[in-house]
Engineer: 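One structure coming up, written as structure tokens, with questions to follow.
If you read the sequence from its start, that first residue is 1, and numbering goes on from there. Everything numeric here is computed off the predicted structure, so don't read it as measured data.
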Amino acid sequence: MLSTIADYTRLTKDMGKSLTQVATQPDVSRDTDYFLSHIGNVKTIDDFLKDYRLYSYAMKAYGLGDMAYAKAFMRKVLTEGIADNKTFANKLTDTRYRQFAAAFNFAALGDKATQTAAATTGTATQYVTQTMEEKAGDQNEGLRLALYFTRKASTITNSYQILADKAMTQVVQTALGLPSTISSADIDAQAKMITSKINLTDFQDPAKVTKFVQRFAAMWDATQAQSDASTNPALVLIGGAAPSIGMDTNVLTTLQNIKFNR
């Protein structure tokens, strides 16, 4: 049963409706209301970092929630901005920092940085999207990864951006049928392998992104099914059953229909 594909299709078929359902949940609505009603009062980077509720909301919105503790690091990101390639954010491989600095562009806009659409409604939309992905992950980690990759795919311009992001790396490795142990290989070798198997410009085409994510979802479900079966006590008791388990026929059929174009 391809639950990841089914759930992915259901959520993305009407993304607006899916996001609205999350946005209207009490906790999300409450946090968003606070952010939108207070972010405009922030005039400096210090103001921003001192209001942890605002700051942590913004960090989560851009997928940086686990870095909220690193205020000195984020201060440098915001102070230098994104005006040229030499700034701190632009030197980082992870593009999320550049996106954050662009949304809260204190370096260029000063006390007007929190008045822009990117800093207000844009950030709120990002927050709701992140929350939807997290909630999806509570039920199915594969679904969270699929939604995340779909959202980020168009920002990919080189293999190193994929390798700098654990979630995107997992999606690509799974879709290509590569073992996770390959991550221990030389980084340049990994990058070369990815570009040999994927035309990264395809990720600018939503239809090709969808096909790639569907392939990932099918591979993910197949892998999970094998894992569950191999550890099922009932199957282990049936002499030799677990080790010989292969992909479900429906999974193989789905993979054949989702042709991956290099």
Side-chain angles (χ1 to χ4, degrees), residues 1-39 52-68 94-100 102-104 116-156 161-162 164-172 174-175 203-221 224:
M1 180 177 182
L2 305 183
S3 60
T4 303
I5 288 181
D7 289 343
Y8 175 79
T9 301
R10 173 179 56 79
L11 284 173
T12 57
K13 184 176 182 180
D14 189 344
M15 185 61 78
K17 180 179 179 180
S18 298
L19 290 172
T20 297
Q21 290 176 337
V22 174
T24 54
Q25 292 174 359
D27 56 335
V28 178
S29 178
R30 181 173 58 252
D31 289 342
T32 298
D33 286 344
Y34 178 86
F35 178 82
L36 291 176
S37 62
H38 290 80
I39 189 62
Y52 187 75
R53 190 172 177 185
L54 287 178
Y55 167 66
S56 61
Y57 181 100
M59 289 290 281
K60 177 180 176 179
Y62 289 89
L64 297 169
D66 60 344
M67 286 294 290
D94 192 331
T95 59
R96 292 176 298 177
Y97 296 102
R98 185 158 59 250
Q99 293 165 358
F100 190 85
F104 301 96
T116 67
T120 54
T121 55
T123 297
T125 299
Q126 290 268 52
Y127 181 88
V128 172
T129 302
Q130 285 281 348
T131 302
M132 181 185 73
E133 292 172 6
E134 288 183 7
K135 290 181 180 294
D138 289 340
Q139 302 299 319
N140 182 343
E141 178 64 9
L143 178 59
R144 182 190 71 80
L145 290 168
L147 292 169
Y148 177 77
F149 190 87
T150 299
R151 176 166 60 85
K152 300 288 288 185
S154 64
T155 69
I156 299 172
Q161 289 176 332
I162 294 174
D165 187 310
K166 291 182 179 179
M168 287 200 287
T169 297
Q170 188 171 7
V171 170
V172 170
T174 302
F203 292 149
Q204 302 302 312
D205 182 339
K208 291 181 179 180
V209 171
T210 296
K211 182 173 288 188
F212 186 83
V213 172
Q214 287 176 334
R215 180 179 177 84
F216 156 76
M219 292 292 287
W220 174 271
D221 284 332
Q224 295 303 304

Engineer: If you take the centroid of each ring, where Trp contributes its six-membered ring, are F104 and F100 closer together than 6.0 Å?
Structural biologist: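 Ring centres of F104 and F100 closer than 6.0 Å.
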Engineer: How close do W220 and N140 get, counting heavy atoms only, and between which atoms?
Structural biologist: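 Closest approach of W220 to N140: NE1-OD1, 3.7 Å.
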Engineer: Rounded at 0.5 Å granularity, tell me how far CE in M15 sits from CE in M132.
Structural biologist: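 M15 atom CE to M132 atom CE measures 4.0 Å (nearest 0.5 Å).
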Engineer: Kindly say whether the aromatic ring centers of Y34 and Y57 come within a distance under 6.0 Å.
Structural biologist: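 Centroid distance Y34-Y57: not below 6.0 Å, so no.
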Engineer: Looking at R10 and D7, is any side-chain nitrogen of the basic one under 4.0 Å from a carboxylate oxygen of the acidic one?
Structural biologist: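 Salt bridge: yes.
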Engineer: Where the side chain of T32 meets the backbone of A124, is there a donor-acceptor pair that is under 3.5 Å apart?
Structural biologist: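 Looks like no, no N/O pair under 3.5 Å.
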Engineer: How far does CZ of F203 sit from OG1 of T150, to the nearest 0.5 angstrom?
Structural biologist: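 Answer for the CZ-OG1 pair, F203 versus T150, is 10.0 Å.
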Engineer: Can any side-chain N or O of S154 pair as donor or acceptor with the backbone N or O of Q204 at less than 3.5 Å?
Structural biologist: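 Here the side-chain-to-backbone pair does not exist.
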Engineer: Check the pair V172 / F149 against side-chain contact (heavy atoms from CB on, under 4.5 Å), numbers first and verdict last.
Structural biologist: CA-CA 9 Å; V172 170; F149 190 87; 4.0 Å; yes
Engineer: Hey, are R53 and D31 close enough for a salt bridge, meaning a charged N less than 4.0 Å from a carboxylate O?
Structural biologist: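 Here R53 pairs with D31 in a salt bridge, since their nearest N and O are under 4.0 Å apart.
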Engineer: Can any side-chain N or O of T116 pair as donor or acceptor with the backbone N or O of A119 at less than 3.5 Å?
Structural biologist: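 Yes, the answer is positive, given that a donor and an acceptor are paired below the 3.5 Å cut-off.
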Engineer: Hey, is the main chain of Q25 close enough, under 3.5 Å, to the side chain of S29 for a donor-acceptor pair?
Structural biologist: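 Flag not set: sc S29 to bb Q25 has no pair under 3.5 Å.
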Engineer: Tell me whether R96 contacts the main-chain N or O of Y62 through its side chain, where contact means a donor paired with an acceptor under 3.5 Å.
Structural biologist: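 No; judged by distance alone, with no hydrogens or angles, the pair does not exist.
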Engineer: Roughly how far, to the nearest 0.5 Å, is the CD atom of Q139 from the OG atom of S3?
Structural biologist: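 Here the interatomic distance stands at 11.0 Å.
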Engineer: Using side-chain contact (heavy atoms from CB on, under 4.5 Å) as the criterion, list what pairs up with A23, not counting sequence neighbours.
Structural biologist: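 By the side-chain contact (heavy atoms from CB on, under 4.5 Å) rule, A23 matches V128.
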Engineer: When rounded to the nearest 0.5 angstrom, what is the spacing between CD in Q99 and CD in Q126?
Structural biologist: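 If we round to the nearest 0.5 Å, Q99:CD and Q126:CD are 7.0 Å apart.
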